[in-house]
There are 2 protein chains.
Amino acid sequence: MPYTLEHKSQSRDRILTAAVDLFCRFGFDQISITRVMKQANMTHGAFYAHFKSKSELYALAIRHAAMQSLWVKEQHNISNIGHFTTLIDAYLSLAHVNQLGAPCPLAFLVTDVAHCNDAVRESYQQTFQAMLTSMSEQLTALGLTHSYSLAQQILTRLVGTVSIARTLADKDLQQSLLENSRRDLHQLLAPTAVLHK
Amino acid sequence: MPYTLEHKSQSRDRILTAAVDLFCRFGFDQISITRVMKQANMTHGAFYAHFKSKSELYALAIRHAAMQSLWVKEQHNISNIGHFTTLIDAYLSLAHVNQLGAPCPLAFLVTDVAHCNDAVRESYQQTFQAMLTSMSEQLTALGLTHSYSLAQQILTRLVGTVSIARTLADKDLQQSLLENSRRDLHQLLAPTAVLHK
DNA sequence: GTCTATATGATGATAGAC
DNA sequence: GTCTATCATCATATAGAC
């Protein structure tokens, strides 16, 4: 048997990884199946042995991106507020905006997903809810009150800042936007600010 | 002469209005020139008498959307904080998210624009800067300090909230997201909160 | 499972009549 | 300026060999 189960699973993973990278970088509609498969080192005919449509790939790519994202990977290592704000800084970094590491699908695909079918939107929504819940629990564990609404506040700010920053051609404006959000969120989470509330 | 200058200008306006509506609702790549022209009551051959490419239309549609948006149209009527928060509530309303009135291009086109050429991104950036400056000046006139960074905070939150809300299929989640952002921003702008700062 | 080849359809853009 | 007709290209998805 020339193709093992593991081989298939590896191929599938390469497709998903390529899809996340390309969809985030250029948008779903601008990326053809041929291009995704090329980046995954296969030809486009092989695609349909793994996914039933391009649309299905999108829904699964969103979940894949979420699993690879910094927030999800680090979520169980957060033991103090310092660590939490470190993740915020990473999210609001130029490296993230320029997609050097694993991109957060919430910020990189927002508008795109709004135009898609129910399966894709549900995938996005589940990712959003999972991150919201996880962040809320972390904030509670760190001793903060109103943690769910606080998490919502932080997450919308993160997504808004990064998605806008990505559109800006002016590097100074981009930098100042990111810095400003970092500063605001640090202040929001500073122990003193919380105690005085 | 069968076609007057005014007639051309009206046709152009109908095209731009249709483009804003369709691009925001379905995304740039999913909308064909044929469909835009159909909604503007013309055939697709006439398009190139007004714009040199679909891409140019996009850049101009962003500016057109900005001019029609609530914030820009109402920006000179703001005389007190109550009026300011009324606009925030309108921005964060279900009506806006469901695109019943004029959509804000900043929230409806973020991710889309990030994948486009320089001309389109510059159009978005100029709109962003204009809204930022305008909002900052309003906040200063209303007696608030750190108004530029405050405006940036408000704007990223507005855009983040609306763009995410638009992707959510769950109406309850959508509502609670919008409500939470409204409440936070009210609190941020409440006179007492400012005085105690 | 992966390849090459192909069916089928839609798109952006142009040409020429009126 | 607007129409109809057309070109050239590229997309998704399928068929069949290996």
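Every chain is numbered from 1 and lettered A, B, ... according to where its sequence line falls, protein lines coming before strand lines.
Which of D:dT12, C:dT2, D:dA5 sits closest to the side chain of B:H44 comes down to D:dA5. Distance from the side chain of B:H7 is smallest to D:dT2 among D:dT2, C:dT2, C:dA13. Nearest nucleotide to the A:I33 side chain, out of C:dC3, D:dA13, D:dT2: D:dA13. The side chain of A:K54 approaches D:dA13 more closely than any other nucleotide in the set D:dA13, D:dG1, C:dT2. Of the candidate nucleotides D:dT2, D:dT12, C:dG1, D:dT2 has the atom lying nearest to any side-chain atom of B:H50. Comparing C:dC3, D:dG1, C:dG1 by their nearest atom to the side chain of B:A49 picks out D:dG1.
The side chain of A:T43 places an N or O atom within less than 4.0 Å of a non-bridging phosphate oxygen (OP1 or OP2) of C:dC3.
A:K54 forms a cation-pi arrangement with A:F28, by the criterion of a distance under 6.0 Å to the ring centre and an angle within 45° of the ring axis. Cation-pi contact between B:R35 and B:F26: present, with separation from the ring centre below 6.0 Å and deviation from the ring axis of at most 45°. Annotation: cation-pi geometry not satisfied between A:R63 and A:Y124 (NZ/CZ under 6.0 angstrom from ring centroid, within 45° of ring axis).
Rounded to whole angstrom, the span from the CZ atom of B:R14 across to the P atom of D:dG1 amounts to 13 Å. Straight-line distance from the CZ atom of B:F47 to the C1' atom of C:dA13: 10 Å, rounded to whole Å. For A:M37 and C:dC3, the CE to P distance is 7 Å, given to the nearest whole Å. When the P atom of C:dT2 is taken as reference, atom CD1 of A:I15 falls 7 Å away, rounded to whole Å. Distance A:K38 NZ to D:dC10 P: 12 Å, rounded to the nearest Å. Regarding B:F51, its CZ atom lies at a distance of 15 Å from the P atom of C:dT14, rounded to whole Å. In this structure, NZ of B:K52 is placed 14 Å from C1' of C:dG12, rounded to the nearest angstrom. A straight line from CG of A:D29 to C1' of C:dG12 spans 15 Å, rounded to a whole angstrom.
Within 4.0 Å (heavy atoms only), B:T34 reaches no atom of the nucleic acid at all. In this structure, A:I31 reaches the sugar-phosphate backbone alone: every heavy-atom distance under 4.0 Å involves primed, P, OP1 or OP2 atoms, never a base. Using a 4.0 Å heavy-atom criterion, one finds that B:S32 contacts the sugar-phosphate atoms exclusively.
Smallest separation of non-hydrogen atoms from A:W71 and A:Q138: CZ3-OE1, 3.8 Å.
For the atom pair CG of A:N180 and OG1 of A:T161, the computed distance is 8.5 Å after rounding to the nearest 0.5 Å.
Helix-axis bend for the helix from C:dG1-D:dC18 to C:dC18-D:dG1: the local axis fitted to the five terminal pairs at one end deviates from that at the other end by 0°, rounded to 10°.
The neighbour count for A:E122 CD, taken as heavy atoms of other residues, nucleotides or ligands under 6.0 Å away, does not exceed 12.
The aromatic ring centres of A:H64 and A:Y58 sit 6.0 Å or more apart.
Scanning for side-chain contact (heavy atoms from CB on, under 4.5 Å) contacts around A:A19 gives A:F23, A:V36, A:L57, A:A61, with sequence neighbours left out.
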